[in-house]
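Worksheet: the structure to be examined is printed underneath.
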Amino acid sequence: MTEENTYLLGVDSGGSHVTADCYDEQGEVIGHGEAGPGNIVLDLPQTLANIVSAIEDATAVLPNKDWKCQRILIGIAGWESSQQQELFATEITSRLRDYAGQVSLTSDARLALLSALEGQDGLLAIAGTGSIVYAKNTGRLSRAGGWGWLLGDEGSAYQIAAEAVKAVLHANDQGQVHPLAHLVLSYFSASSIPELVAAFYQAPRPQIAGLAKQLAGQADAAPIFAHQAKLLAQQILLLFKRNPGINPLLALAGSVLTHNPLMQAELGRIISQQAPALTIKIANSPNTRGVLFN
């Protein structure tokens, strides 16, 4: 068996979908697979099944059957707060016993950290449906935020959407119509404020978060994005201060930070004012690349 016939397998098991990528020794993708959601806290059996399905699809398209797996790294949503890590580790290892590679499990956020910083020390801010900030400093990991939509997730798509809905409701309480009211009502297929409230409480979290994309091009939504950028910046600055001497590199990941120029600009402005030593980079690589730097 030659070295060129081995591959690394990275799996990003996120709240909305699971992605699996096979990488050759040059770091090129040679196999790709996707499946449904993969949050271990919300649904362990479904997460297990979707991870296996994505891996099977990724490995099924390898150039030939002689390729052997060297290492598997799986980043799983909800991993850090799960009380079933041992059970899941046993189950997934058993399901993947036909693969030669060593199986390692971590959080989806740490997988993103490895990919975005390419193994270096530094900070990573992720803002997608949810949000979290991580720091890697001489091998030690620390975090700020990421406590879910009820307790935190500052700067996330969910909180952007929720703030927009609150703004519409607050204007209504004052006997006014908020400039975003039509868009928000339309998004939730509501014709009145009571219908909007009912629809919001009944909608799944990813659907609510999807409103943020609709708000992105609206001038009237600019104060909301600026406020959420400020909240997320506070989390970043807090973690930066907790890690004196850390490599001054800040990577931004997640759909809100990589696709929203207003969020990028406002976050960059605050960071440059309060922590000018930090260099900001946009992380556009798939999180599965974290396996290359683990």
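Starting from 1, each residue takes its place in the sequence as its number. Note that these values count all heavy atoms, side chains included, but never hydrogens, waters or copies made by symmetry.
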Counting only N and O atoms by type, is there a donor-acceptor contact under 3.5 Å from the side chain of [X] to the main-chain atoms of [Y]?
{"X": "T93", "Y": "A89", "answer": "yes"}
{"X": "T59", "Y": "I55", "answer": "yes"}
{"X": "E34", "Y": "H17", "answer": "no"}
{"X": "K136", "Y": "G119", "answer": "yes"}
{"X": "S156", "Y": "D153", "answer": "yes"}
{"X": "T47", "Y": "N39", "answer": "yes"}
{"X": "S186", "Y": "H182", "answer": "no"}
{"X": "Q264", "Y": "T258", "answer": "yes"}
{"X": "S115", "Y": "A112", "answer": "no"}

Assess, by modelled atom type and distance only, whether the side chains of [X] and [Y] contain a donor and an acceptor separated by less than 3.5 Å.
{"X": "H227", "Y": "E163", "value": "yes"}
{"X": "R97", "Y": "S94", "value": "yes"}
{"X": "E154", "Y": "Q235", "value": "yes"}
{"X": "H178", "Y": "Q176", "value": "no"}

In D21, D108, D12, the residue satisfying side-chain hydrogen bond (donor to acceptor under 3.5 Å, both in side chains) with N287 is D12

When you look at L123 and N247, which way does the side-chain contact (heavy atoms from CB on, under 4.5 Å) test go after all the steps? CA-CA 8 Å; L123 299 118; N247 181 35; over 6 Å; no

The side chain to side chain contact (heavy atoms under 4.5 Å, CB included) partner of S13 among I40, T19, I76, L105 is I76

Got [X] and [Y] here, is their nearest side-chain heavy-atom distance under 4.5 Å?
{"X": "I282", "Y": "L257", "answer": "no"}
{"X": "I126", "Y": "L113", "answer": "no"}
{"X": "I30", "Y": "W67", "answer": "yes"}
{"X": "N172", "Y": "L196", "answer": "no"}
{"X": "E25", "Y": "T6", "answer": "yes"}

If you measure from [atom1] on [X] to [atom2] on [Y], what distance do you get to the nearest 0.5 Å?
{"X": "S189", "Y": "E195", "atom1": "OG", "atom2": "CD", "answer": "9.5 Å"}
{"X": "E91", "Y": "Q84", "atom1": "CD", "atom2": "CD", "answer": "10.5 Å"}
{"X": "L185", "Y": "S191", "atom1": "CG", "atom2": "OG", "answer": "8.0 Å"}
{"X": "S107", "Y": "R143", "atom1": "OG", "atom2": "CZ", "answer": "8.0 Å"}
{"X": "L250", "Y": "L252", "atom1": "CG", "atom2": "CG", "answer": "5.0 Å"}
{"X": "Q207", "Y": "T129", "atom1": "CD", "atom2": "OG1", "answer": "12.0 Å"}

Just jot down the side chain to side chain contact (heavy atoms under 4.5 Å, CB included) partners of [X], sequence neighbours excluded, or say none.
{"X": "N243", "result": "A135, N137, R140, S142, L239, I246"}
{"X": "A233", "result": "L267, I270, I271"}
{"X": "N260", "result": "A216, F225, L262, M263"}

hydrophobic_cluster_shared for [Y] and [X], side chain cutoff 4.5 Å:
{"X": "Y134", "Y": "I236", "result": "no"}
{"X": "L238", "Y": "L151", "result": "no"}
{"X": "L169", "Y": "Y187", "result": "yes"}
{"X": "V256", "Y": "I208", "result": "yes"}
{"X": "I51", "Y": "W79", "result": "yes"}

L111: hydrophobic cluster co-members (side-chain, 4.5 Å): L8, Y23, V29, L73, L114, V291, L292, F293

If you compare all heavy atoms of [X] against all heavy atoms of [Y], which two are closest, and at what distance to 0.1 Å?
{"X": "A161", "Y": "A212", "result": "CB-N, 4.4 Å"}
{"X": "G268", "Y": "I280", "result": "CA-CD1, 3.9 Å"}
{"X": "D220", "Y": "P179", "result": "OD2-CB, 3.2 Å"}
{"X": "Q120", "Y": "L249", "result": "NE2-CD2, 4.2 Å"}
{"X": "A127", "Y": "L232", "result": "CB-CD2, 4.1 Å"}
{"X": "A116", "Y": "L124", "result": "CB-CD1, 3.7 Å"}

Give the C-alpha distance, both sets of side-chain angles, the deciding distance and a yes or no for side-chain contact (heavy atoms from CB on, under 4.5 Å) between V165 and F188. CA-CA 10 Å; V165 173; F188 286 99; 4.0 Å; yes

Run the salt-bridge test on E80 and R110 with the 4.0 Å N-O cut-off and return the result as yes or no.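 The answer is no: the pair does not qualify as a salt bridge.
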
What residues, two or more places apart in sequence or in another chain, satisfy salt bridge (Lys or Arg N to Asp or Glu O under 4.0 Å) together with R71? none

After noting the C-alpha distance and the side-chain angles of L48 and I92, does the key distance pass the side-chain contact (heavy atoms from CB on, under 4.5 Å) rule? CA-CA 7 Å; L48 183 66; I92 194 66; 3.5 Å; yes

In terms of relative ring orientation, are F200 and Y158 parallel, tilted or perpendicular, with 30° and 60° separating the classes?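 Aromatic pair F200/Y158 classed tilted.
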
Could you walk me through whether I132 and W147 pass the side-chain contact (heavy atoms from CB on, under 4.5 Å) check? CA-CA 8 Å; I132 193 169; W147 303 120; over 6 Å; no

Hey, could you give me each pair passing salt bridge (Lys or Arg N to Asp or Glu O under 4.0 Å) that has a residue in residues 257-276? Not counting sequence neighbours.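 As it turns out, the salt bridge (Lys or Arg N to Asp or Glu O under 4.0 Å) pairs with a partner in residues 257-276, which skip direct neighbours, are E266-R269.
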
Does atom [atom1] of [X] have more than 12 heavy-atom neighbours, drawn from other residues, nucleotides or ligands, at distances under 6.0 Å?
{"X": "Q273", "atom1": "CD", "result": "yes"}
{"X": "K166", "atom1": "NZ", "result": "no"}
{"X": "Q83", "atom1": "CD", "result": "no"}

